[in-house]
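Keep in mind that what you see is a predicted model, and the values were worked out from it rather than measured.
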Amino acid sequence: MAQLRLGPLLRFTDGSSATVWVEASRPCAAEVRCADGAGGTARTFQVAGHHYALVPVTGLTAGTSTAYEVFLDGTRVWPLPDSRFPPSVIRTPGEDDAVRVAFGSCRWAAPPSGEPDPVGPDALDTLAARIAADPAGERPDVLLLLGDQVYADETSDATRRWLAARRDLNDPPGSQVADYEEYTRLYYESWLDPEVRWLLSTVPSCMIFDDHDLIDDWNTSAAWLADMRATDWWRERLLSGLMSYWVYQHLGNLRPDELAADPLYAAVRDTPDGTDVLRAFASRADADPASVRWSYRRDFGRVRLLMVDTRAARVLDEDSRAMLDPAEAEWLRDQALGDRGTYDHLLIGTSLPWLLPHLVHHAEAWNAALCRGEKGARWARFGEKLRRAADLEHWPAFPASFDALTALIAEAGSGPGAPATVLVLSGDVHHAYVAEPKWPSGAPGARVFQLTCSPVHNAIHLAIRLGFRFGWSVPARALGRRVAGHGRCPRPPIDWRKTGGPWFGNQLMTLTLRGRSARLRLDQAQAVKGAEPRLRTVTETELAP
């Protein structure tokens with residue numbers, strides 16, 4: 001009998017349809033049955049001995065909430081027996097409903113229940129507890145996970161013990177994951193957490209990778225990539241990481257019409273074992289990153305989300321260094337400007353922040369100039385070492401890309417049909433803040449903000465707290481300009497100021513978008529003596545009236 005190994009994950013939803021992702025223990029027919037008669041079925045496909053299905057659900061009614069169950073070969077496998085959680089539901093948006101978008105990044109898997117948590121309560125666990133306690137109350141319409149959903153290079157004690165049972169950890173890559181099977185272990189550890197499993201079954205999610213989904217500093221530079229390709233373990237790690245990302249995260253990001261037209265999805269499903277097909281795709285993505293697009297667009301009523309890949313789409317040659325390859329940059333431009341007037345809010349999801357503390361921004365631009373050879377070969381070698389050691393690889397480390405994104409945001413937010421807001425949603429930096437840009441020639445009509453929120457569940461080192469607090473200060477800004485002057489870096493095309501934060505802790509931001517208004521709330525997971533952890537609202541503010 002087929003068993004449910006992982007899931008269900010509710011991924012896409014609109015007014016009449018949804019997709020539900022599952023992993024089963026063997027080949028089978030997966031079926032979703034809804035209380036109102038809607039539903040759908042799909043046969044599993046196989047990759048590396050694992051069996052998956054993405055079930056299209058049709059027949060839903062807009063503006064409703066309906067419970068669903070999952071069956072494998074006719075046997076009910078979800079909800080789990082004796083579940084302490086309310087039924088999983090599919091909520092479909094109504095035409096004039098507000099859209100609530102919760103987002104964050106950087107999540108270590110929470111330890112098993114009853115074990116101490118060295119980094120404090122998990123924000124996703126506490127969100128699940130809050131929704132479960134009041135199923136009819138407020139909940140996100142979509143959860144955006146902005147990178148580092150799993151940590152391939154920082155495994156838990158339990159995972160290291162599991163790895164040691166299958167191979168010698170004295171051999172590279174040691175206690176990091178090495179192949180597809182080991183990646184599946186990371187997803188089991190993270191998504192079988194009972195609270196997170198239920199949360200992902202009842203709140204739709206969109207995901208994008210960041211570096212730790214593969215390895216710290218992934219694609220930070222051409223020199224870094226050359227060093228990695230010289231090892232005897234990197235290629236298997238990279239291919240396995242891309243293959244598992246496609247299966248566990250990327251597929252569910254796509255709309256049903258995109259899935260139906262996707263030749264790779266068809267090829268994987270049409271063969272008894274899709275491993276070779278998917279591996280060939282991952283090899284092509286490695287050899288020719290511009291041939292593959294991981295970025296995608298999702299519309300939620302009159303809210304447009306453009307989720308941008310800022311890792312695999314990079315151009316790493318120092319003379320033409322770019323965060324996005326030309327085709328990816330053109331796609332982003334087309335999606336942002338192609339049919340303005342059809343959306344009231346433009347969300348740009350990028351794991352790496354666009355606007356950083358001024359000292360960090362100037363340091364990254366200076367470092368890019370050094371690595372480009374502006375101060376000679378010796379400074380270039382120093383710059384490369386510093387780039388890797390200090391993670392100097394955000395948008396300012398790609399100065400032409402920073403300028404291009406700034407210009408695109410200004411254009412998207414200006415003129416007839418401009419949205420009420422253009423909001424850049426990011427994570428990565430293990431704290432949260434709000435920054436607002438100022439254009440020297442006049443601001444666009446839209447309100448523009450950088451909204452950064454991380455981690456969901458991770459360590460926040462004292463050095464990070466001190467460094468980012470100082471990075472926003474007036475002395476740090478002056479120091480940053482002097483550093484940039486050494487590299488002969490031009491002034492950025494905009495100025496910006498921090499209007500909220502920095503906040504430190506395990507946290508989530510939630511946007512409530514209603515008509516042309518936008519409201520932001522930051523919630524942190526807090527331990528409560530003698531009780532379960534809970535989410536506490538730290539700040540709430542209007543972004544657009």
Side-chain angles (χ1 to χ4, degrees), residues 2 4-14 16-24 26-32 39-58 70 72 90 142 145 149 180 183-184 187 191 200 204-209 213 238-299 305-309 312-313 327-328 331 335:
L4 186 65
R5 295 195 68 179
L6 192 58
L9 275 71
L10 177 61
R11 298 304 311 272
F12 173 89
T13 58
D14 64 10
S16 61
S17 63
T19 58
V20 175
W21 181 98
V22 298
E23 181 179 351
R26 63 190 254 323
C28 62
E31 181 182 4
V32 172
T41 61
R43 293 291 307 179
T44 57
F45 59 89
Q46 178 172 311
V47 175
H50 294 257
H51 308 279
Y52 311 96
L54 189 59
V55 182
V57 180
T58 58
V70 177
L72 299 180
I90 302 175
V142 63
L145 300 176
Q149 275 67 263
Y180 188 92
Y183 263 103
T184 67
Y187 285 103
W191 291 356
L200 294 178
S205 55
C206 296
M207 307 179 189
I208 195 70
F209 46 43
D213 291 86
L238 174 69
L239 299 186
S240 298
L242 293 179
M243 291 168 66
S244 61
Y245 175 77
W246 185 87
V247 170
Y248 286 85
Q249 297 192 51
H250 181 68
L251 268 185
N253 293 327
L254 304 181
R255 303 187 309 265
D257 62 313
E258 292 174 320
L259 288 167
D262 190 327
L264 176 61
Y265 185 49
V268 169
R269 295 172 69 203
D270 288 347
T271 182
D273 186 334
T275 306
D276 291 343
V277 172
L278 190 54
R279 188 176 181 86
F281 164 80
S283 296
R284 178 162 57 90
D286 176 36
D288 184 13
S291 68
V292 174
R293 175 165 298 125
W294 300 104
S295 301
Y296 59 95
R297 166 183 152 185
R298 291 283 300 276
D299 291 330
L305 168 68
L306 302 179
M307 195 76 94
V308 183
D309 159 28
E328 194 82 7
W331 174 88
Q335 299 301 316

Asks: Are any of the side-chain heavy atoms of S244 and T184 separated by less than 4.5 Å?
Replies: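 Side chain of S244 against side chain of T184, heavy atoms only: no contact under 4.5 Å found.
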
Asks: Test your reading of the model: is there a side-chain donor-acceptor pair from T58 to the backbone of S17, 3.5 Å cut-off?
Replies: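 Not at all, since once roles are kept as given, no pair shorter than 3.5 Å links the two residues.
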
Asks: Would you say that T275 contacts M243 through its side chain, given a criterion of any heavy-atom pair below 4.5 Å between the two side chains?
Replies: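 They are in side-chain contact.
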
Asks: For the pair R5 (side chain) and A24 (backbone), establish whether a donor and an acceptor sit closer than 3.5 Å, ignoring hydrogens and angles.
Replies: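 Checked: no pair found.
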
Asks: Please list, chain by chain and in numerical order, all residues satisfying ring-ring contact (aromatic ring centres under 6.0 Å, His included) with Y187, sequence neighbours excluded.
Replies: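 Scan of Y187 (ring-ring contact (aromatic ring centres under 6.0 Å, His included), adjacent residues dropped) gives W191, Y248.
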
Asks: Under a 3.5 Å distance rule, please check whether R298 uses its side chain to pair with a backbone N or O of R255 as donor and acceptor.
Replies: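 Pair absent, no side-chain N/O of R298 close to backbone of R255.
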
Asks: Quick one: does P56's side chain get under 4.5 Å of F12's, heavy atoms only?
Replies: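 A side-chain contact is absent here, since even the closest heavy-atom pair is not under 4.5 Å.
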
Asks: Rounded to the nearest 0.5 Å, how far apart are OG1 of T19 and CG of L259?
Replies: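 The distance works out to 7.0 Å.
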
Asks: Where do A327 and R293 come nearest, in terms of heavy atoms and distance?
Replies: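 For A327 and R293, the tightest heavy-atom pair comes out as O-NH2, 3.5 Å.
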
Asks: Under the salt bridge (charged side-chain N to carboxylate O under 4.0 Å, His left out) test, which residues partner D270, sequence neighbours left out?
Replies: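 Counting only residues at least two positions away or on another chain, D270 forms no salt bridge (charged side-chain N to carboxylate O under 4.0 Å, His left out).
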
Asks: How would you list, by chain and number, every residue that makes a salt bridge (charged side-chain N to carboxylate O under 4.0 Å, His left out) with R284, sequence neighbours excluded?
Replies: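 R284 satisfies salt bridge (charged side-chain N to carboxylate O under 4.0 Å, His left out) with no other residue.
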
Asks: Restricting to non-hydrogen atoms, name the atom on V277 and the atom on A267 that form the minimum distance, rounded to 0.1 Å.
Replies: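 So the two residues come closest at CG1-CB, 3.8 Å.
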
Asks: Hey, does L264 have a side-chain heavy atom less than 4.5 Å from the side chain of V268?
Replies: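 Yes - at least one pair of side-chain heavy atoms lies under 4.5 Å apart.
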
Asks: Would you mind writing out the side-chain donor-acceptor pairs for residues 39-49 within the sub-3.5 Å range, not counting sequence neighbours?
Replies:
| from | atom 1 | to | atom 2 | distance (Å) |
| --- | --- | --- | --- | --- |
| T44 | OG1 | C28 | N | 3.1 |
| T44 | OG1 | C28 | O | 3.4 |
| Q46 | NE2 | D273 | OD2 | 3.1 |

Asks: Return the CG to CG distance between N253 and L305, rounded to the nearest 0.5 Å.
Replies: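 Answer rounded to 0.5 Å: 9.0 Å.
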
Asks: Can you confirm whether S205 sits close enough to R11 that some side-chain heavy atom of one is under 4.5 Å from a side-chain heavy atom of the other?
Replies: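 Side chain of S205 against side chain of R11, heavy atoms only: contact under 4.5 Å found.
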
Asks: Please work out whether the ring planes of Y245 and W294 are parallel, tilted or perpendicular, with thresholds of 30° and 60°.
Replies: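 Rings of Y245 and W294: perpendicular, as their planes differ by over 60°.
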
Asks: In Å and rounded to the nearest 0.5 Å, what is the CG to CG distance from L9 to L251?
Replies: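 It comes to 12.0 Å.
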
Asks: Please report the closest heavy-atom contact between V22 and A30, naming both atoms and the distance.
Replies: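 Residues V22 and A30, closest heavy atoms: CG2-CB, 4.0 Å.
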
Asks: Please find the pair of heavy atoms, one from R297 and one from W331, that lie closest to each other, and give the distance.
Replies: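 Closest approach of R297 to W331: N-CZ2, 3.9 Å.
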
Asks: Quick check: do D213 and Q149 have side-chain heavy atoms less than 4.5 Å from each other?
Replies: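 In short, these two side chains touch, coming nearer than 4.5 Å.
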
Asks: Indicate yes or no for a side-chain donor-acceptor contact from W21 to the backbone of Y52 under 3.5 Å, with no hydrogens or angles considered.
Replies: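 Here the side-chain-to-backbone pair does not exist.
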
Asks: Would you give the length of the straight line joining atom CG of L145 to atom CD1 of I208, rounded to the nearest 0.5 angstrom?
Replies: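 Spacing of CG (L145) from CD1 (I208) equals 11.0 Å.
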
Asks: Restricting to salt bridge (charged side-chain N to carboxylate O under 4.0 Å, His left out), what partner residues turn up for R279, sequence neighbours left out?
Replies: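 Partners of R279 by the salt bridge (charged side-chain N to carboxylate O under 4.0 Å, His left out) criterion, ordered by chain and then number, come out as E236.
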
Asks: With the side chain counted from C-beta on, respond yes when S295 and L306 share a heavy-atom pair under 4.5 Å apart, and no when they do not.
Replies: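 No; the side chains remain at least 4.5 Å from each other.
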
Asks: Can you list everything that forms a salt bridge (charged side-chain N to carboxylate O under 4.0 Å, His left out) with D286? Sequence neighbours excluded, please.
Replies: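 For D286 the salt bridge (charged side-chain N to carboxylate O under 4.0 Å, His left out) partners, ignoring immediate neighbours, are R229, R235.
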
Asks: Please assess V292 against F281 for the test side-chain contact (heavy atoms from CB on, under 4.5 Å), listing each intermediate value before the final yes or no.
Replies: CA-CA 9 Å; V292 174; F281 164 80; 3.6 Å; yes

Asks: Between A313 and D309, what is the shortest heavy-atom contact and its length?
Replies: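 Closest heavy-atom pair between A313 and D309: N-OD2, 3.1 Å.
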
Asks: Taking the six-membered ring of Y265 (Phe, Tyr or Trp), confirm whether the NZ or CZ of R269 is under 6.0 Å from its centre and within 45° of its axis.
Replies: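 The answer is yes, since R269 meets both limits relative to Y265.
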
Asks: Between M207 and M307, is there a side-chain heavy-atom distance shorter than 4.5 Å?
Replies: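 M307 does not reach M207 side chain to side chain.
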
Asks: In Å, rounded to the nearest 0.5 Å, how long is the span from CG of L254 to SG of C206?
Replies: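 L254 CG to C206 SG: 10.0 Å, rounded to 0.5 Å.
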
